[in-house]
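As structure tokens, the structure follows; a few thoughts come after it.
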Amino acid sequence: MRRFDGKALVIATHNQGKLEEIADLLSPYGVTLSSNADHGLPEPEETETTFAGNARIKAHAAAKATGLPALADDSGIAIDGLGGAPGVYTADWAETPAGRDFNMAMERSWRALEDADAPFPRTAKFCCTLVLAWPDGHDEVFPGEMPGQIVWPMRGDQGHGYDPIFQPDGYDVTFGEMDRWEKNKISHRADAFRKLIAGCFA
């Protein structure tokens, strides 16, 4: 396992919310963070069929372009009653000509569960894979997940994506009803980050 001993790290995202969450998680380690947007980097095409594969594409593209270590994540929701879909295609399910519409994606997912007569509880898990890549081509990979179930109707207006229909195990509220920073402590990304910190920072 390679240790991170640099002072600067590129977060391979254009998503400001994700950047803020990662900055909060890395704040104890004195690392200066920048994003793809800060370096004028385009979003690389995600052509892999796994979370790790797509995170690798993003991390290595940013590391190669900037000459700095880069951290990327790929995440999504895997619904058991849909054979693990939408999985790596979570964002694709929300695409419309006018941009992403996650309300539409959540409705599509629930309809598909109903059409499949999926049993209750309708279990699912949020998945996140982090890849820390160096300019020399080395990388370290850290998968995380948060199990739970799909509920209906949507509940809460916090978070993003599928949060309003995902109730994590051990809780009676959805991610959409949780305070963002509380969710940040228990989420699939937090699980992956604990492994990243233990492996490369602690």
Side-chain angles (χ1 to χ4, degrees), residues 11-29 33 35 51-52 54-55 58 71-82 84-96 99-114 118-131 142-198 201-202:
I11 308 303
T13 185
H14 285 84
N15 182 319
Q16 186 62 30
K18 187 178 290 187
L19 183 64
E20 289 171 2
E21 288 182 15
I22 291 173
D24 180 60
L25 290 162
L26 287 178
S27 60
Y29 300 96
L33 303 182
S35 70
F51 295 116
N54 285 327
K58 292 183 278 192
L71 180 68
D73 89 329
D74 197 50
S75 55
I77 191 166
I79 302 172
D80 293 328
L82 302 181
V88 295
Y89 305 108
T90 295
D92 296 341
W93 278 36
E95 291 292 354
T96 76
R100 290 178 180 171
D101 182 345
F102 277 100
N103 282 352
M104 176 197 74
M106 288 186 280
E107 289 168 1
R108 174 183 173 183
S109 300
W110 187 258
R111 279 199 311 272
L113 285 167
E114 291 286 275
F120 289 89
R122 290 177 166 172
T123 54
K125 62 183 177 183
F126 265 119
C127 303
C128 170
T129 298
L130 291 170
V131 172
F142 305 94
E145 60 182 47
M146 181 72 210
Q149 60 179 296
I150 302 300
V151 297
W152 197 261
M154 304 174 202
R155 298 184 346 227
D157 57 5
Q158 303 298 307
H160 46 77
Y162 279 68
D163 286 357
I165 63 168
F166 181 79
Q167 182 175 308
D169 283 355
Y171 294 82
D172 58 6
V173 294
T174 67
F175 269 176
E177 295 172 296
M178 259 185 210
D179 174 80
R180 172 183 174 187
W181 301 109
E182 287 304 306
K183 171 201 157 186
N184 205 29
K185 293 174 184 174
I186 66 162
S187 72
H188 47 306
R189 188 169 291 123
D191 184 36
F193 255 93
R194 277 189 288 273
K195 296 168 185 172
L196 167 73
I197 297 301
F201 285 84

(request) Determine the minimum heavy-atom distance between A55 and V131, stating which atoms define it. (result) CB-CG2, 3.6 Å

(message) If the condition is side chain to side chain contact (heavy atoms under 4.5 Å, CB included), which residues does L113 pass it with, not counting sequence neighbours?
(response) I79, L82, W110, A118, R122, I150

(request) First locate atom CD1 of I77, then atom CE of M146, and finally report the distance between them rounded to the nearest 0.5 Å. (result) 11.5 Å

(request) Measure the shortest side-chain to side-chain distance between M178 and P168 over non-hydrogen atoms and say whether it is less than 4.5 angstrom. (result) yes

(message) Tell me every residue that passes side-chain hydrogen bond (donor to acceptor under 3.5 Å, both in side chains) with D163, counting only those two or more places apart in sequence or in another chain.
(response) K183

(request) May I ask you to test the I186-D191 pair for a side-chain heavy-atom distance under 4.5 Å? (result) no

(request) Return the set of residues passing ring pair (Phe, Tyr, Trp, His ring centres under 6.0 Å) with W93 (not counting sequence neighbours), or none when no residue passes. (result) none

(message) Please tell me whether S109 and Y162 have a donor and an acceptor in their side chains that are separated by less than 3.5 angstrom.
(response) yes

(request) Not counting sequence neighbours, which residues clear side-chain hydrogen bond (donor to acceptor under 3.5 Å, both in side chains) with Q158? List them please. (result) none

(message) The criterion is ring pair (Phe, Tyr, Trp, His ring centres under 6.0 Å); which residues satisfy it with F166, sequence neighbours excluded?
(response) F126, F175

Side-chain donor-acceptor distances from residues 101-108 under 3.5 Å, at least two apart:
unit_1, atom_1, unit_2, atom_2, d
D101, OD1, N103, N, 3.1
D101, OD1, M104, N, 3.0

(request) Grab the two heavy atoms, one from R189 and one from S75, that are nearest each other, plus how far apart they are. (result) NH2-OG, 3.6 Å

(request) For the pair K195 (side chain) and G144 (backbone), establish whether a donor and an acceptor sit closer than 3.5 Å, ignoring hydrogens and angles. (result) no

(request) Applying side-chain hydrogen bond (donor to acceptor under 3.5 Å, both in side chains), name anything that partners R194, two or more places apart in sequence or on another chain. (result) none

(request) Drop me the distance from L71's CG to L196's CG, to the nearest 0.5 angstrom. (result) 6.0 Å

(message) Can you see whether D74 engages T129 through a side-chain donor-acceptor pair at a distance of less than 3.5 angstrom?
(response) no

(message) Do I22 and K18 make a side-chain contact, defined as non-hydrogen atoms from C-beta onward lying under 4.5 Å apart?
(response) yes

(request) Mind checking ring pair (Phe, Tyr, Trp, His ring centres under 6.0 Å) for F201 and listing every partner two or more places apart, or none if nothing turns up? (result) F4, Y29

(request) May I ask you to test the H188-C127 pair for a side-chain heavy-atom distance under 4.5 Å? (result) no

(request) Quick one: pull up SG in C128 and CZ in F142 and give me the separation to the nearest 0.5 Å. (result) 12.0 Å

(request) With sequence neighbours excluded, tell me which residues meet side chain to side chain contact (heavy atoms under 4.5 Å, CB included) with K185. (result) E182

(request) Name all residues meeting the side-chain hydrogen bond (donor to acceptor under 3.5 Å, both in side chains) criterion together with H160; count only those two or more places apart in sequence or in a different chain, and write none if there are none. (result) none

(request) To the nearest 0.5 angstrom, please state how far the OG1 atom of T123 sits from the CG atom of D80. (result) 3.5 Å

(message) As an exercise, state the distance from CG of L26 to CD1 of I197, rounded to the nearest 0.5 Å.
(response) 5.0 Å

(message) Taking side chain to side chain contact (heavy atoms under 4.5 Å, CB included) as the definition, give me every residue that meets it alongside V151, ordered by chain and number, with sequence neighbours left out.
(response) Q149, R155, Q167, T174

(request) Would you please name every residue forming a side chain to side chain contact (heavy atoms under 4.5 Å, CB included) with A12, sequence neighbours left out? (result) N36, K58, A62, A72

(message) So, taking the atom named CG in N184 and the one named CD in E20, what distance separates them when rounded to the nearest 0.5 Å?
(response) 10.5 Å

